[in-house]
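Here is the structure we will look at, set down as structure tokens.
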Amino acid sequence: MNSMVKNTITKNNFSTKILFWAVIALVGVLLMIFAGGGSEDKEKEFDVDSLDPAQYAKEVEERVEELCNRIDGVSSTYAVVTLKGGYKALYASDLQYGSNNQKNQTVIIGSGSAEQGLLIGYENPEIAGIGIVCSGGDDSNVRKNVISVIASAFNISSNKIFVAGS
């Protein structure tokens, strides 16, 4: 009788293990299906045509205003940002070295009519200039500080920044 109980327990334990691994496999398949759908959404995020340079300019203006208002002697800042061009697509490239030269080729994915470069991201539009009007902008030391901070923060030349008092 004791061996009969052991056989029943062993069979139940074996069935439980099979059921457990079947559930794990099903969850794995479902994760792969849903993860595959999510990758399409990520590709759409990198669609350069859907990016709005005007929205980027507005975001930069807000950051400039916030940054300027933190400088001693500056308040009530209003900023306008002018952009040069739009977003630039960045594609993966394969750099190959030959005996006397090097060749840089864009990585291509797909085939036939679906062939395209492998998009890895985008580069923000170049800032052409920033105009800043603020209280305290008439003071030469304040103006100098504002120009230095903005030039450093946005990696642009100081001659692209104009500050005036309000």
Side-chain angles (χ1 to χ4, degrees), residues 27-166:
V27 169
V29 168
L30 290 173
L31 283 174
M32 286 191 296
I33 290 170
F34 289 115
S39 67
E40 291 174 12
D41 293 337
K42 287 180 184 177
E43 287 177 12
K44 289 179 184 174
E45 288 175 16
F46 284 122
D47 183 12
V48 176
D49 296 330
S50 68
L51 297 172
D52 184 13
Q55 180 63 33
Y56 174 71
K58 183 179 178 187
E59 291 171 8
V60 172
E61 288 169 355
E62 290 171 357
R63 290 172 52 203
V64 167
E65 290 169 0
E66 184 178 324
L67 188 57
C68 286
N69 285 331
R70 293 181 179 267
I71 297 172
D72 191 32
V74 177
S75 63
S76 304
T77 303
Y78 178 76
V80 175
V81 173
T82 304
L83 301 176
K84 185 180 199 178
Y87 288 93
K88 294 177 184 162
L90 300 175
Y91 293 96
S93 62
D94 182 20
L95 187 59
Q96 299 173 352
Y97 293 97
S99 57
N100 292 333
N101 60 3
Q102 65 182 22
K103 191 162 59 169
N104 192 6
Q105 292 183 326
T106 301
V107 176
I108 304 295
I109 57 173
S111 63
S113 63
E115 197 173 86
Q116 61 184 11
L118 178 59
L119 183 64
I120 58 173
Y122 59 90
E123 185 178 297
N124 289 330
E126 182 182 343
I127 297 173
I130 301 177
I132 301 169
V133 178
C134 60
S135 294
D138 290 333
D139 182 286
S140 63
N141 287 330
V142 169
R143 189 177 318 118
K144 179 180 163 190
N145 287 340
V146 168
I147 291 171
S148 295
V149 166
I150 299 304
S152 296
F154 293 95
N155 193 29
I156 61 173
S157 174
S158 60
N159 66 347
K160 292 183 177 184
I161 305 166
F162 184 80
V163 179
S166 59

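When every heavy atom of Gly86 is checked against every heavy atom of Pro53, the shortest pair comes out as CA-CG, 4.2 Å. Closest of all the heavy-atom pairs between Val146 and Cys68 is CG1-SG, 3.7 Å. The shortest non-hydrogen separation linking Ala92 to Ile120 is CB-CG2, 3.8 Å. Counting all heavy atoms, side chain and backbone alike, Ile161 lies closest to Ile147 at CD1-O, 3.7 Å.
Every pair tested for salt bridge (charged side-chain N to carboxylate O under 4.0 Å, His left out) that includes a residue from residues 135-148 fails, sequence neighbours excluded, so the list is empty. Screening residues 74-84 for side chain to side chain donor-acceptor pair (under 3.5 Å) gives Asn69-Thr77 as the qualifying pairs, with residues at least two apart or on separate chains. Note on residues 146-155: no pairs pass salt bridge (charged side-chain N to carboxylate O under 4.0 Å, His left out), not counting sequence neighbours. Residue pairs satisfying the salt bridge (charged side-chain N to carboxylate O under 4.0 Å, His left out) criterion with at least one member in residues 150-166, sequence neighbours excluded, are listed as follows: Glu126-Lys160.
Ser157 meets the side-chain hydrogen bond (donor to acceptor under 3.5 Å, both in side chains) test with Asn159; sequence neighbours excluded. Legend: residues meeting side-chain hydrogen bond (donor to acceptor under 3.5 Å, both in side chains) with Asn155, ordered by chain and number and at least two apart, are absent. Every residue was checked against the side-chain hydrogen bond (donor to acceptor under 3.5 Å, both in side chains) condition with Ser148, not counting sequence neighbours, and none meets it. Scored by the side chain to side chain contact (heavy atoms under 4.5 Å, CB included) test, Val149 finds Leu67, Ile71 as partners (sequence neighbours excluded). Remark: Glu59 engages Gln55 in a side-chain hydrogen bond (donor to acceptor under 3.5 Å, both in side chains) (not counting sequence neighbours). In this view, Ser166 and Val133, Ser135 satisfy the side chain to side chain contact (heavy atoms under 4.5 Å, CB included) rule, not counting sequence neighbours. Every residue meeting the side chain to side chain contact (heavy atoms under 4.5 Å, CB included) condition with Glu62, not counting sequence neighbours, appears here in chain and number order: Lys58. For Tyr91, the side chain to side chain contact (heavy atoms under 4.5 Å, CB included) test picks out Ala89, Thr106, Leu119, with sequence neighbours left out.
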Exercise for the section: Kindly determine whether Ile130 and Val80 satisfy side-chain contact (heavy atoms from CB on, under 4.5 Å), including the steps that lead there. Expected result: CA-CA 6 Å; Ile130 301 177; Val80 175; over 6 Å; no
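In this structure, Tyr56 places its OH atom where more than 12 heavy-atom neighbours from other residues, nucleotides or ligands lie under 6.0 Å away.
Using a 4.5 Å cut-off on side-chain heavy atoms (C-beta onward), Val64 and Phe154 make contact.
Rounded to the nearest 0.5 angstrom, Ile132 CD1 and Phe162 CZ are separated by 10.5 Å.
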